[in-house]
Amino acid sequence: MKFPCIECGLCCRLSGRGPQLARWKDSSGRCRYFDETTNHCRIYSHRPDICNVSAMYKLYFQNTMTEKEFYRKNLEVCLRLNQEAGQQENCRLLRQLIEQIR
């Protein structure tokens with residue numbers, strides 16, 4: 001199963017919120033590898049494990065929950081970020097994805 005990212009970019013735009021991501025943030029609090037023009041990571045194929053949902057699951061969570069549970073929890077974080085940003089269409093899509101994973 002592949003993580004169903006909607007590619008909204010909010011996790012990269014708001015990476016300064018998380019202490020685990022502090023070493024990659026720029027002066028604006030965004031990830032320094034985030035490309036505002038394309039809304040994608042400039043080092044995606046070599047991104048840190050913390051930015052890779054599948055890698056994080058395999059490295060740290062596979063013994064504590066199912067992959068579906070881990071993906072659902074990550075989508076719930078995405079949903080909260082999109083709710084805070086007022087991205088209603090993204091929220092609708094994320095709710096559908098969360099429901100499909102249940």
Side-chain angles (χ1 to χ4, degrees):
M1 177 178 199
K2 183 177 185 256
F3 181 70
C5 179
I6 65 167
E7 300 181 14
C8 66
L10 284 177
C11 55
C12 301
R13 282 187 176 90
L14 303 173
S15 64
R17 288 186 177 184
Q20 304 89 341
L21 301 170
R23 64 190 264 197
W24 292 287
K25 73 178 183 175
D26 65 14
S27 60
S28 68
R30 293 184 178 110
C31 177
R32 68 179 133 183
Y33 300 113
F34 181 65
D35 186 332
E36 288 281 340
T37 308
T38 63
N39 209 42
H40 289 101
C41 178
R42 288 191 296 268
I43 61 164
Y44 186 82
S45 61
H46 305 292
R47 68 195 183 280
D49 287 337
I50 195 160
C51 299
N52 184 329
V53 178
S54 296
M56 289 300 289
Y57 174 72
K58 290 175 185 161
L59 288 169
Y60 302 104
F61 297 96
Q62 69 180 346
N63 295 323
T64 60
M65 66 183 74
T66 68
E67 187 176 48
K68 282 185 176 186
E69 289 171 317
F70 186 67
Y71 284 4
R72 190 180 73 244
K73 289 179 183 295
N74 277 268
L75 287 170
E76 288 168 353
V77 172
C78 294
L79 176 59
R80 283 195 298 279
L81 292 175
N82 276 277
Q83 286 171 330
E84 289 175 19
Q87 299 296 322
Q88 296 306 315
E89 183 57 29
N90 286 351
C91 291
R92 184 191 63 73
L93 179 56
L94 287 161
R95 284 187 196 97
Q96 286 177 343
L97 290 169
I98 291 167
E99 192 58 38
Q100 288 172 5
I101 289 179
R102 287 189 195 269

First locate atom CD1 of Ile98, then atom CG of Leu79, and finally report the distance between them rounded to the nearest 0.5 Å. 5.0 Å

Could you grab the distance from atom CG of Leu10 to atom CG of Asn39, nearest 0.5 Å is fine? 8.5 Å

Taking only residues two or more places apart in sequence or in another chain, which ones pass salt bridge (charged side-chain N to carboxylate O under 4.0 Å, His left out) with Arg92? Glu89

For Met56 versus Phe61, what's the shortest heavy-atom pair and its separation? O-CD1, 3.4 Å

On a heavy-atom basis, which atom in Asp49 and which in Ala55 lie closest, and how many Å separate them? OD1-CB, 4.0 Å

Measuring from Leu81:CG to Leu14:CG, what's the distance to the nearest 0.5 Å? 5.5 Å

Report yes if some heavy atom in the side chain of Phe3 is under 4.5 Å from a heavy atom in the side chain of Leu75; otherwise report no. yes

Just verifying a value: how many Å separate Asp35 CG and His40 NE2, rounded to the nearest 0.5 Å? 9.5 Å

Is it the case that one hydrophobic cluster holds both Leu59 and Val77, taking links as side-chain heavy atoms less than 4.5 Å apart, direct or via other members? no

Distance check, rounded to the nearest 0.5 Å: Cys12 atom SG versus Tyr44 atom OH? 10.0 Å

Can you classify the ring geometry of Tyr57 versus Tyr71 as parallel (below 30°), tilted (30 to 60°) or perpendicular (above 60°)? perpendicular

If every non-hydrogen atom of Ser15 is compared with every non-hydrogen atom of Gly29, which pair is closest and at what distance? OG-O, 3.5 Å

Of all heavy-atom pairs between Leu97 and Pro4, which one has the smallest distance, and what is that distance? CD1-O, 3.6 Å

Here the gap from Glu76 atom CD to Ile101 atom CD1, rounded to the nearest 0.5 Å, amounts to 9.5 Å

Side chain Gln62, main chain Lys58, donor-acceptor under 3.5 Å: yes

For residues 16-25, which residue pairs qualify under side-chain hydrogen bond (donor to acceptor under 3.5 Å, both in side chains), counting only residues two or more places apart or in two chains? Arg17-Glu84

Taking side chain to side chain donor-acceptor pair (under 3.5 Å) as the test, write out the residues that go with Ser28, two or more places apart. Asp26

Atom of Glu36, atom of Arg30 and distance for their closest heavy-atom approach: OE2-NE, 2.8 Å

Salt bridge (Lys or Arg N to Asp or Glu O under 4.0 Å) for Glu99 and Arg102? Distances and angles first, verdict last. CA-CA 5 Å; Glu99 192 58 38; Arg102 287 189 195 269; 3.6 Å; yes

Minimal non-hydrogen separation, Cys8 against Asn90, with atom names: CB-ND2, 3.6 Å

Do Asn82 and Leu93 come within less than 4.5 Å of each other through their side chains, counting heavy atoms only? no

Please enumerate all residues that pass salt bridge (charged side-chain N to carboxylate O under 4.0 Å, His left out) together with Glu7, with sequence neighbours excluded. none

By side chain to side chain donor-acceptor pair (under 3.5 Å), which residues pair with Arg72, not counting sequence neighbours? none

Using side chain to side chain donor-acceptor pair (under 3.5 Å) as the criterion, list what pairs up with Asn74, not counting sequence neighbours. none

